[in-house]
K.L.:
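The structure's right below; bear with me while I get my questions together.
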Amino acid sequence: MGNDISNLLSKFGATVDGYLEIEAAIDYKEPVRKVKAPLVVAKAEPALTPAPQTETAAIEPAPVVAASAVVPLLAGRSLATPQRIEPVIEPVAEPAVTPASVSETAPAPAAAASPVPAMAPAAAPIPPAAPVAKFMPSPASRITATPAQVAPAIAAPATDAPVPSLLRSMLGEAARARQAQHGASNDGPGDGEDMQPPSTPAQIIAVVSPKGGVGKTTLCSALACSLARHGRVFAIDLDAQNALQYHLGVNAEAAAAPAGVASSWRDGLAQGMAGTQVVSHALVADHGEAALAQQMVRDGQWLLRQLQAMQLQAGDVVLLDLPAGQTPYLDQALQAADQVLAVVTPDAGSFLALEHMRQILHGRNNCRYVVNKYDGSRSFNQDMLEVLKRWMGPRLAGVIALDHAISEGLAYGFNPLVKGGDSPAYEQLQGVAEVLRAALAKSRVAGGRA
Amino acid sequence: MTTGSQAPSQLSSQEPTQMKSPDMLSPHPPGQEPSARPSANRLQQWMQAAGNRLEGLPRGPRRVVQWAILLFATMLALLIISVPLDFAAQCVFAIGCFAAAMVLRKQSGRFPVLVLITLSLTVSMRYMYWRISSTLAFESWLDIVFGYGLLAAELYSLLVLTLGYLQTAWPLRRKPQMLTMPPSEWPTVDVFIPSYNESLDIVSLTIFAAQAIDWPQDKLRVHVLDDGRREEFREFCDNIGVNYLVRSNNHHAKAGNLNEALKVTDGEFVAIFDADHVPTRSFLQICLGWFYKDPKLAMLQTPHFFFSPDPFEKNLNTFRSVPNEGELFYGLVQDGNDLWNAAFFCGSCAVMRRTALMEIGGIAVETLTEDAHTALKMNRAGYNTAYLAIPQAAGLATENLARHIRQRVRWARGMAQIFRVDNPLKGRGLRLGQRLCYLNAMLHFFYGLPRLIFLTAPLTYLFFGAHIFQASALMITAYVLPHVLHASLTNSRIQGRFRHSFWNEVYETVLAWYILGPVLLALVNPKLGGFNVTDKGGIITDDHFDWKLARPYIVLLLLNVAGLGFGIWQLIHGDPNAVTTILINMAWTLYNVIIASAAMAVASETRQVRSEPRVAAELPARIKLEDGSIIEGKTLDFSQKGIGLRLPAGASIARNARIEVTLFRNEQEKVFPAVVVFSRNDMVGAQFHELTLRQQSELVRLTFSRADIWANNWGKSRPDTPLKALREVAGIGMNGVRQLCKATLLQLRHWRSARRAPAPAAPAATAPALDNTLEKQ
């Protein structure tokens, strides 16, 4: 919630609840030179952009109305999110270009086959406290009145080029699968086994990214240093690149020492900067990648077991640095994690990959996002950030500015994200760390994992 | 009662049916007032306990007790007012009341205010009773004429004082209500921005800000109503996607413009902004909640906040230290009106329910103040009106004194017209409280003649020896002094935050001569119109003294100074018995000199530095230089075209450097290219460089649209202390005299040089009108 709003309302004795921030995206026709591209990621799909939308303009107000009617009487904050996901609606009189999402969803009203799942994205970013499944019945009952109109409007900016309707049906399956998965996960882990599932009192943060090269390991190391001020932090490198130890400045000899003997993670801890303790990937995959992969297939709780074996205490924080994309590590890490932090960059590749991993990440109510390497001076970055914000809703934990000094620093063993003063990204990262700490505190109080 | 939350909070639940206009002064004023001092002292505790006891009684006995108290109080008041006392007894009485007032004025809370008002009214009524019964034994025709004239002025003054107390004793202090339903059920709102001859620079700001209001985009329709039918406006509106409405004529100016627009739109609510009133993004969400809480609410008004100084503040250099002239009205009077359900529409920064508006036939067109008249009609039709004292829009104040006077004259004429055409005391549909509040709003503008009388009354004695006050000097002192002092103290306590003492007299003096004629004319024949004080308008390019405008004040000043001279002469050479009388009259004359010279100081126009006023605000900003380095700074002020920045110590940027300024709001950040035009140590002034429409819109969203940007500066003036205020006004007066002398010398020198060599150009007292001017309606 904007602090200018809270500033105002607190001055005059009202509460911030019930105020909705609504950011309208308007197309401007610049009088001279450059024409502003529409706000949505239409750049990937030039063919779809210019269709005049006067005939669809009439439909648009209705879907918007129906869509928000779906999320009936939630607390004020959550209502902001459906608003953000909805596409731009132009005033009816204007012939200006409408965002691509509306234009391309309009020709495919037939995808009404899955009205309920199409509502799912809107329903999903409801405040994490409420389990997602609870809201599913009411959207379904409300939507049946206007199925055809809801579906085109609500789908998040659909940029999968080939077939929008195919995407929608995929989304439908994904939502159904998620429902089933949620129902299953509600039963708790290890229901088929007799023995007690492995657990650890420490809190686990999994740092993931759908796409590589976004700066996940850099951020993971910086977060580890930031969180280390408040307690013990263990950073575990599950990425075969084995780069985390270098980011955390682990002593060269300790890094190079081969863990030939199967030593436990606890014994193989190396000291990183700012008081962190590091488990390098060499230690994790001490028998080689192939053997590790087989072990993970055999034992679905392998990661949890390793963490339990570390004999951590309550108040410790474990940061898992995962490789990009969907890997076996990811499934186990997501199962183990209290909090998930997904790192993306504001570009199309990240977005597409994010979409691809939607059901795994967005369906969870403990997953937050960080947009890294944001360059405010480029309008494409700005537009992309807007798209991502809408997609992520309140799950966006922070935006970190592009600062070349950060990546350059690795060469010199210096991380500007760890020490304040020089880089604006430092403050932003501290903000993200605070969000995570607050979330950890809340889940510690609430007890149990998501 | 002061700190009490025990009073049935009838008003805080805002039931529209009851307690909107309490027609008796209940000892249990409704509503809550958090005490300024956390620990209530003994007096307040006792009062609270008494109130609690009374509250404990059931309804019937309670009414009986209340009526009994009222009856008793009335009898007591009548007794006190009319009992004749000799000088000594009157002095004792006066001192007693004054002592009580001095104690009470320091107590916080609402109840002491009521007691102070009671004391003040008692003392003033007593004075008036004595005045009418004992001081009107005039002999000569001179005495009769001047004497009754002064009496009339005093009666007017007392009436306005009483009505003013009624209006402002209990400001409602309404809190904003949020909308409780989901956005899909929010109503459609038409935002009207009527414009006639304002330049696009100014109106574009309002349009961008209106677009940026936090409201579902399909339900927010922004319409620009252009009575100037300008092509550049049409193009601009087309480019940024707002509606552009024109009509074929200009009948009834703004009111007609709005009515025509109402015909072609259909939003459930109508929000109206003058062309230069920039709304914040929270405007609609804060204002519309009340319409759902109270189904009979037809109009909600918010303050007109000015981010540029008005001619008083500019020429007297009192911006943000002495409260602005409008702050009394928007900070207190309208809030007080709200209690009585008599808050009226002020032409801008308000939201109205379309059904109610159409029911009364649209915006009223019969008078010049169509806004107040519209609200009066709504009240007559049974609707409620409301006021929310939260500044959510701000605009430019009048730029020079001439424009200011013209605007006030128009308001005065309009109010006089309503007084004649649709008198609030007559006709159906209004409750007593509403009638009195509207009456006061109109009576207020009739101060022209009384003010002039007050400014010249003592001269009748000093020049002509007329005895317009048939009483001994001592008795006059014993009666008049309490009356004046109590009124001053009580008003200072009620209004201190919104108007400093003695400034009332200055504002009235500045306008008195100019509104006298038009108001009399409008009272006599409301249909006559069209007289306007001519003004040249335009940006003031140099310091100069507006001789033409200042003539009345100079005359008044000279007359009073002459009076002082006469007085001194009489003290030396005149009747020794009359010394006290002379001294009293001279004291009054001295007071008039102070006020008149302060009024004259306003006419000394100071140079306007910038054509576009800036808003002072401290927001975080990041500056990126051409070489890529980044400086984190803060803004000092901003406008649509430029921005002032303060850099951290030690940093500096050269002039003509191109920079990129990043502004933030919450998590958003946007970058704007700019060029440095001013740089001194750590202060930098930059002009934005060729912003695209989208960038202009974003700039407005990050600056003018911030919800708290005006609220931060609201009510920030120093609290009032009467003595200090008098000193300040006297200082301003002396400065004014100095300016007058300087200007006189300058003018003499010009005349002399013009006589020697007939120079073609006379010193331009007023600059030619430039494009960037604003005609305030």
Side-chain angles (χ1 to χ4, degrees), chain A residues 1-9 11-31 33-34 36 60-61 64-74 76 79 82-83 88-94 96 374 376-377 379 382 389 396 398-399 401 423-424, chain B residues 34 173 175-185 211-222 235-236 238-243 280-282 285-286 289 388-390 392 622 624 630 632 660 662 665-671 692-694 696-697 701 705-709 711-712 714:
Chain A
M1 182 58 62
N3 49 17
D4 59 329
I5 305 286
S6 50
N7 204 9
L8 174 76
L9 290 175
K11 241 186 213 268
F12 291 97
T15 58
V16 166
D17 294 334
Y19 190 91
L20 297 182
E21 299 196 53
I22 301 177
E23 189 77 30
I26 308 169
D27 251 349
Y28 292 115
K29 295 196 281 199
E30 300 295 337
R33 28 182 192 138
K34 49 177 178 163
K36 274 293 174 186
E60 287 152 14
V64 176
V65 171
S68 5
V70 168
V71 195
L73 291 167
L74 300 175
L79 289 176
Q83 195 68 22
V88 174
I89 304 299
E90 299 289 330
V92 183
E94 292 305 315
Y374 171 70
S377 68
S379 57
Q382 294 176 13
K389 275 190 188 172
L396 178 64
V399 178
S423 173
Chain B
R173 306 223 185 115
K175 302 241 181 302
Q177 285 283 331
M178 291 294 153
L179 292 162
T180 48
M181 55 287 195
S184 57
E185 293 170 32
Q211 264 191 332
I213 292 180
D214 277 342
W215 199 256
Q217 204 185 347
D218 55 326
K219 302 198 177 183
L220 174 68
R221 297 94 176 261
V222 179
E235 210 178 295
F236 178 78
D238 186 41
N239 285 343
I240 71 169
V242 298
N243 293 339
T280 60
R281 65 185 182 124
S282 50
Q285 287 199 40
I286 285 193
L388 205 51
I390 302 181
Q392 289 289 286
R622 190 187 307 146
K624 186 159 147 197
I630 295 185
E632 303 271 353
E660 284 181 356
T662 307
R665 192 181 71 193
N666 316 325
E667 292 114 25
Q668 279 188 24
E669 44 179 81
K670 298 278 193 261
V671 184
T692 61
L693 282 180
R694 171 131 168 242
Q696 288 177 37
S697 168
R701 278 168 204 255
S705 278
R706 288 181 61 102
D708 57 354
I709 189 82
N712 280 338
W714 178 247

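Residue numbering restarts at 1 for every chain, and letters A, B, ... go by the order of the sequence lines. Note that these values count all heavy atoms, side chains included, but never hydrogens, waters or copies made by symmetry.
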K.L.:
Can you list the residues that meet the side-chain contact (heavy atoms from CB on, under 4.5 Å) rule with K175(B), with sequence neighbours excluded?
P.N.:
none
K.L.:
Only counting residues at least two apart or in another chain, list the ones meeting side-chain contact (heavy atoms from CB on, under 4.5 Å) with T662(B).
P.N.:
R622(B), F664(B), E669(B), V671(B)
K.L.:
Mind ranking I390(B), I213(B), I240(B) by heavy-atom pairs under 4.5 Å with chain A and telling me who comes out on top?
P.N.:
I390(B)
K.L.:
Examine whether an atom of R701(B) lies under 4.5 Å from a heavy atom of chain A, and if so say whether it belongs to the side chain, the backbone or both; otherwise answer neither.
P.N.:
side chain
K.L.:
Select one option (side chain, backbone, both, neither) describing which atoms of R665(B) are under 4.5 Å from chain A's heavy atoms.
P.N.:
side chain
K.L.:
What part of L396(A) gets closer than 4.5 Å to chain B, counting heavy atoms only: side chain, backbone, both or neither?
P.N.:
neither
K.L.:
Would L693(B) and F236(B) satisfy side-chain contact (heavy atoms from CB on, under 4.5 Å), going step by step from the backbone distance to the final call?
P.N.:
CA-CA 9 Å; L693(B) 282 180; F236(B) 178 78; 3.8 Å; yes
K.L.:
Give, as side chain, backbone, both or neither, the part of I286(B) having an atom under 4.5 angstrom from any heavy atom of chain A.
P.N.:
side chain
K.L.:
Identify which part of Q392(B) has an atom lying under 4.5 Å from any heavy atom of chain A, answering side chain, backbone, both or neither.
P.N.:
side chain
K.L.:
Between I5(A) and Q285(B), is any pair of side-chain heavy atoms under 4.5 Å apart?
P.N.:
no
K.L.:
Do you see a donor-acceptor pair shorter than 3.5 Å between the side chains of S282(B) and Y19(A)?
P.N.:
no
K.L.:
Taking side chain as everything from C-beta outward and backbone as N, CA, C, O, which of these in A389(B) sits under 4.5 Å from a heavy atom of chain A? Side chain, backbone, both or neither.
P.N.:
backbone
K.L.:
Under 4.5 Å from any heavy atom of chain A, what part of L179(B) do you find: side chain, backbone, both or neither?
P.N.:
backbone
K.L.:
Go through it in stages, so that I can follow the logic: the residues are N7(A) and R706(B), the test is side-chain contact (heavy atoms from CB on, under 4.5 Å), and I'd like the CA-CA distance, side-chain angles, deciding distance and then a yes or no.
P.N.:
CA-CA 10 Å; N7(A) 204 9; R706(B) 288 181 61 102; 5.7 Å; no
